[in-house]
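Only one structure is covered here, and it is reproduced in the block below.
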Amino acid sequence: MDRQVMNQHPMYRFDDFVVDPKTWRLSRGGQEIPLKPMVLELLIYLTANRGRLVTRQELMDTVWGDTVISESALTKAAARLRKALGDDSATHRYLETVRSRGYRFVADVEEIEYPDQPGVAFRSTHAAHGTRALLVGAAAVLVLIILAVFWLRVPQHETLPAEDIRSLAVLPLSNLTGNPEQEYYVDGLQDLLITELSQLPGLRITSRQSTKRYRDSELPATDIAGELGVDVLVEGSLIKEGSKIEVTVQLIDGRSDEHLWAERYSRETSDVFSLILDMANAIGAEIGVTESLSAVKGSAHSRMGQIEPSAVDAYALATTHLDRFTSDSIHSAIEQYETAVSIEPEFALAWSGLAAAHAMEALVGLAPPRDSIEIAQAAALKAIEADEQFYSGHSALGWARMWTGDIDGACESFEEALRLNPSAPDAIHGHADCLMFDGRTDESLARLRELLTVSPFSAMHNFPLPIHLYMERRFDEAIAATTAMQARTPQFPMHWFLAKVYWQQSRFEEALEEERLQFKWQGDTVLLAVLEEGVEAAGPTGAMRAKAEALVTRANESYVDPFDIAETFSRAGMVDEAMHWLAKAVEHGSFEANYLAFWPDLDVLREDLRFQDLMERVYGPRAQDIGRVADASRLQER
């Protein structure tokens, strides 16, 4: 709705606020309250339609029908309006939010007629100045003509210089389907767009795991960009009706909250990859990337062309399940990824997702690690076979190689993944491990701090830094990094890890308290009782022995990571028992066994010849070199 239409509204008064559409201002007690045009347009329309629900779609079609406005931009405009009025979303004195539908202006509003406009008499009193006014007016017209000619000779829209924008985050798309069950599809498209944008050169892309916390957020764009550490944000919304999808997307400067660009796209669901590619290329052009994705290295999605919509549905649903990170959801994710690749065997992203899901299956103890990693490696190879220019397959293969002892091959895979996508978080983590194995500790830790800029609110990507500091025996730094992680990812308790660190510092009472807190959080009353009995019988060492023996009993009934049992026996000083379970951990392919050379809990075992044998089995031909690196690290700390 243009300003001329807005000007036809009368003035509105509610409490001591006055809204004047003609002068385009909001005032309170005679003092003007500055508002951005979008926010003022929203206020005028809502006051004119006070007392009734105004849907989001109505606002986008009526108020901004000639301008593309995303769902999230509307949410932020409402938040700014509420702030300007001193309103509260909980009490909604003026503006009521009807979740997922729209807004209702609930205050009592009085319409005020404008005063009569000055007429001929007004003009006649200024007749003496008529000639001067005419000359000034003519001069102004001439200036406008000159400016207009100049304006037509310069580009109407300039992209920002590439050096100005180095980082970007895609926020969760708003689901306008009217069906909450379609949320998974919306998330899937966000994932596909992030994947495509990650191929743009010279641009750091924030991981989806770190942006999902901003769904339906009313935070200003500048605040979100500041928390994520990015220059620009991509916001958008999606409508899916039958075989058609419509996506509205816009680019926001996170430093100034300036609206940079917006567009609306419509496609058949079978052409979803061409839609994603067009959006990514348009965003790249707006931020100053001169080459299209196809020119840079080709697009993973453009190479697939049309795709069976049910395969995208299955992929999107699998991604949603994997995010939940529970036993049932991981199994469901595996089933959906398998469905996706059975429908579209060349769907590289689904193959790499299947590899990740099997790795997580082993990580949470749902299956023997070695079996799961073999399946993950096969899926990663399928992803590369489907599209060798797609980074995710190489990253997944890198981890499968790492966990099976092929460290050199793993590092080659991580380097290839990072060549294709320098922002790939799992590949950054893998590369940091490679640097650690080479003895390049400072570079390794720098990479892990860089990982936090790519994925600041993902527990999986926050955790490697504390772990590496722990392995370097920089215990105070490990505690500080863990505390910072807890502030960013409070849903992922780290009591079990702090217990390890405190134990290494001989802070046994604090270590035991962290053990108690972990068991309470898990609801594990059995281990909690065992721990207390062990403490009462023989102090901290007795507690570790009791815990280890209880884990052995539990392992007879269900899968327990042998590495956990081994390190607990090691803390109890029971070398033979620790070596027995450590050998099982290597045999089963426990993930932590990959850090055998560096793990502080195992220091009491290092002089045992059996430990040296396990080093050979884990690291192969690199065992001696990695052993020397780990020894040097321990000696340096002492």
For this session: State which residue, out of Thr206, Ile252, Val234, Ile224, fulfils the side-chain contact (heavy atoms from CB on, under 4.5 Å) condition with Leu171.
Result: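 By the side-chain contact (heavy atoms from CB on, under 4.5 Å) criterion, Leu171 pairs with just one of Thr206, Ile252, Val234, Ile224: Ile224.
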For this session: Could you note down all residue pairs passing salt bridge (Lys or Arg N to Asp or Glu O under 4.0 Å) where residues 357-368 supplies at least one of them, sequence neighbours left out?
Result: none
Exercise. CG/Leu349 to CD/Glu344 distance, rounded to the nearest 0.5 angstrom?
Worked result: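 Leu349 atom CG to Glu344 atom CD measures 13.0 Å (nearest 0.5 Å).
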Seminar exercise, completed: Heavy-atom nearest pair, Ala359 first then Ala376, reads N-CB, 4.4 Å
Name all residues meeting the salt bridge (charged side-chain N to carboxylate O under 4.0 Å, His left out) criterion together with [X]; count only those two or more places apart in sequence or in a different chain, and write none if there are none.
| X | answer |
| --- | --- |
| Glu96 | Arg104 |
| Glu385 | none |
| Arg204 | none |
| Asp257 | Lys36, Arg80 |

Test side chain to side chain donor-acceptor pair (under 3.5 Å) applied to [X] - qualifying residues, sequence neighbours left out:
| X | value |
| --- | --- |
| Thr489 | none |
| Asp313 | none |
| Ser352 | Ser392 |

Exercise. Does Asp187 reach the main-chain N or O of Thr320 with its side chain, forming a donor-acceptor pair under 3.5 Å?
Worked result: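 Such a contact is absent between Asp187 side chain and Thr320 backbone.
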Exercise. Under 3.5 Å, side chain of Arg82 to main-chain N/O of Ala79, donor-acceptor pair present?
Worked result: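 No, the answer is negative, given that no donor and acceptor are paired below the 3.5 Å cut-off.
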Problem set entry | For Leu452, all residues meeting side chain to side chain contact (heavy atoms under 4.5 Å, CB included), sequence neighbours excluded |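 If we apply the side chain to side chain contact (heavy atoms under 4.5 Å, CB included) test to Leu452, skipping adjacent residues, the hits are Asn462, Leu465, Arg488.
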Exercise. Would you call Asp323-Arg208 a salt bridge at under 4.0 Å N-O?
Worked result: yes
Exercise. Are the aromatic rings of Phe347 and Phe273 close, with centres under 6.0 Å apart?
Worked result: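 Yes, the ring of Phe347 comes within the 6.0 Å limit of the ring of Phe273, centre to centre.
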Exercise. Without hydrogens or angle criteria, can the side chains of Arg56 and Ser237 be said to hold a donor-acceptor pair below 3.5 Å?
Worked result: no
Exercise. With no hydrogens and no angle check, do the side chains of Asp426 and His461 hold a donor and an acceptor under 3.5 Å apart?
Worked result: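 Yes - a donor-acceptor pair under 3.5 Å links their side chains.
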For this session: Decide yes or no for Tyr185 and Asn175: does some side-chain heavy atom of the first lie under 4.5 Å from some side-chain heavy atom of the second?
Result: no
By ring-ring contact (aromatic ring centres under 6.0 Å, His included), which residues pair with [X], not counting sequence neighbours?
| X | value |
| --- | --- |
| His429 | Trp399 |
| Phe591 | Trp403 |
| Tyr265 | none |

